[in-house]
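Input: a single structure, listed below in structure tokens.
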Amino acid sequence: MSALLEIRGLEVVFDGFRALGGVDLTVEQGELRFLIGPNGAGKTTLIDVVTGLTRPASGTVRFAGTELGGLREHKIVRLGIGRTFQTSVVFEELTVVENLDLAAGFRRPLPTLLRQRRGVSDTVAAALDTIGLGDLADRPAGVLSHGQRQWLEIGMLIAQKPRLLLLDEPVAGMSRDERDRTGELLTEIARDHTVVVVEHDMEFLRRYASQVTVLHEGKVLVEGDVATVQADPRVQEVYLGRTKKEAA
Amino acid sequence: MSARLRGYALFAGVAALFLVVAPLALPAFRLDELAKYLCFAIAALGIGLAWGQGGMLTLGQGVFFGLGGYAMGMYLKLHDAGGDLPDFMVWSGVDKLPALWKPFGNPVFALAAVVVVPVVIATLLGVLVFRQRVRGAYFAILTQALAAAFVILLVGQQGLTGGTNGLTNFYDFFGQDPEADSTQRTTYFVTAIVLGVLYLLARQLVKSRFGRLLVAVRDGEDRVRFLGYNPATVKTITFAISAGMAGIAGALFVPVVGIISPSLLDVVPSLELVVAVAIGGRYTLAGAVLGAVAMNYAKTSFSEQWADGWLYLEGALFIGVMTLAPRGAVGVYEQVRDAIARRRKPVPAPPTASEVPA
Ligand SMILES: Nc1ncnc2c1ncn2[C@@H]1O[C@H](COP(=O)(O)OP(=O)(O)O)[C@@H](O)[C@H]1O
Ligand SMILES: [Mg+2]
């Protein structure tokens, strides 16, 4: 059986700058994969290509056997790939429940959208429960804190019922407590979803990651379990050394 | 009283005002003027949907207003001519009824065209531009250019459209004498009822899941794609609905005012509609309707005294609203209402982003 996500020889060029220079990546069904690498390594670009936001110069992306090249964003979502953004975007004028309901609703035929929402669907209730924003269900998303917005985004992602989740730095800018909760949330989600997480934070990685892919200057540097990756001298040079210095 | 009940009570009150009080209190010609404002309010309702809810600043609603108006005018002209050529065609030296006009002799076809033609044209335009992700100021300019081009087309085709004069001199509205008080009352009632029905339908749309999706598209079109929806479809549907409303408004305008001409649907009247919606409050449908009625009433009253001054006053008002109260009159009302409610019953203010406990 083939992998859920297969990326082969992916190249992305921005105005002559090679943001990705031939990336291969395979993600199996049910995996929780961490994608790390210093700033500018091309992590976000990789997610952008998979989700149709950026067109690659060459290379292929196959999802569950389907070639994604040239598909528009919403079509890719409909195939079952969901993502979050580095800076969370929720709909501030809509309530938390409305945000989730919208995310859960794209499979509904258009005419049924003309009806008013009555109550909360099971999918939305489950997502609300998972992200723990039940108390704020009917508040506009605009009042949420930064961390809560990230959770709402993750909740919207779950409500979409995707087969593959791509999370771009979900804990960036979060407090310690919020990070812990997000980590638990991730672990929970990963139980029954295939998840790729872009993360910068080494401590977070040590605690929650198993399989890690390190990206550096648009190329895959190392791939393996956390211990192997951490022990690799090249990784320490390009990534860990730098974060240690930054942290100091 | 729940907000829902209060909404219905308010609607019933306003409906009673327009359907009972106004007809009793106003002479027929004033009622006719009010009917004119209500026509604009119907078009404004469409702008409220497209712009207020959907974020599509459409500066060319005059085009759809005109399409509806001309469809109605063509039928009335053919009806008056009774098998002959309409009068203006004779004057322009046209000797055979143009093929475009032929089906409009049928009232059912003409009435259907009032809605269908604007909807079809808006849909085609929407499919073209929204798929290409034309939006914001580019979309606004495009629609404005469309209005300008439409006027040039109408004026240029004298024999087909009546040119600058447009279509006027109607003698028979569906068996009624246009000058009679009773006709004016009837057209007023029809217009008011159509507005009421369209308002309720539009409100239903706003409250539906589609309406929520529309707001999401307005506030984050790119994000909506990643929720699995195609924003171009959502926008096209909404734009088409707003065009259909403008068409209906234009069609009603013809029996109410007795004319449809290029100057009524040019760039400036199209802009004035948008300005009225902004002043009334674009984020609520009621604000759009209120703005259109109030601004057109003010325009009529003011122009009677100082004709040239109106545009300046309107411009100043627009700038004032956009800078000081971007949510318009309705927004100001809501602020005052909330302030009073808070003073009467001190409830904790809604927590802001930084205050919400994690
Ligand atoms: N739209 C763009 N145009 C030009 N350069 C870009 C664009 N997006 C990203 N880049 C560049 O590509 C490189 C990779 O960026 P990105 O994928 O955002 O890195 P990461 O997410 O790993 O920090 C960076 O050098 C960035 O400046
Ligand atoms: Mg990034």
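Below, chains carry the letters A, B, ... as their sequence lines are ordered, and counting in each starts from 1. Everything numeric in this text was worked out from a predicted model, so none of it was measured.
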Point to revise | More than 12 heavy atoms of other groups within 6.0 Å of A:D192 CG | key: yes
Check your understanding: Looking only at heavy atoms, which two atoms of A:T51 and B:F226 are closest? And how far apart?
Key -> O-CE2, 3.5 Å
Point to revise | From CG (B:L205) to CD (A:Q116), nearest 0.5 Å | key: 11.0 Å
Check your understanding: Given that the side chain runs from C-beta out, which part of B:V224 has a heavy atom under 4.5 Å from chain A: side chain, backbone, both or neither?
Key -> both
Review point. So does B:R4 have more than 12 non-hydrogen atoms from other groups sitting under 6.0 Å from CZ?
Key: no
Review point. Hey, what do you get for CZ (B:R223) to CZ (A:F85), rounding to the nearest 0.5 Å?
Key: 6.0 Å
Practice item. Could you tell me whether B:Y333 atom OH has more than 12 heavy atoms of other residues or ligands within 6.0 Å of it? Key: no
Point to revise | Structural part of A:F106 lying under 4.5 Å from a heavy atom of chain B | key: both
Exercise for review: Kindly check if the number of other-residue, nucleotide or ligand heavy atoms within 6.0 Å of CZ (B:R131) is above 12?
Suggested key: no
Review point. Within a reach of under 6.0 Å around CZ of A:R55, are more than 12 heavy atoms found that belong to other residues, nucleotides or ligands?
Key: yes
**Study point:** Most chain A-contacting option - heavy-atom pairs closer than 4.5 Å, from B:T233, B:D222, B:L213, B:I237
**Key:** B:L213
Point to revise | B:S208 to A:L114 - nearest heavy-atom pair and separation | key: CB-O, 3.0 Å
Check your understanding: By a 4.5 Å heavy-atom criterion (distance strictly below it), what part of A:R117 contacts chain B: side chain, backbone, both, or neither?
Key -> both
Review point. Are side-chain heavy atoms of A:R72 and B:N230 found at a separation under 4.5 Å?
Key: yes
Point to revise | A:L110 CG to B:R209 CZ distance, which is reported to the nearest 0.5 Å | key: 12.5 Å
**Study point:** A:V77 to B:L227 - nearest heavy-atom pair and separation
**Key:** CG1-C, 3.9 Å
Point to revise | Beyond-backbone contact of A:D101 with B:R212, side-chain heavy atoms, under 4.5 angstrom | key: no
Review point. B:R225 side chain to A:H74 main-chain N or O, any donor-acceptor pair under 3.5 Å?
Key: no
Review point. Can you tell me how far the CZ atom of B:F210 sits from the CZ atom of A:R108, to the nearest 0.5 Å?
Key: 14.5 Å
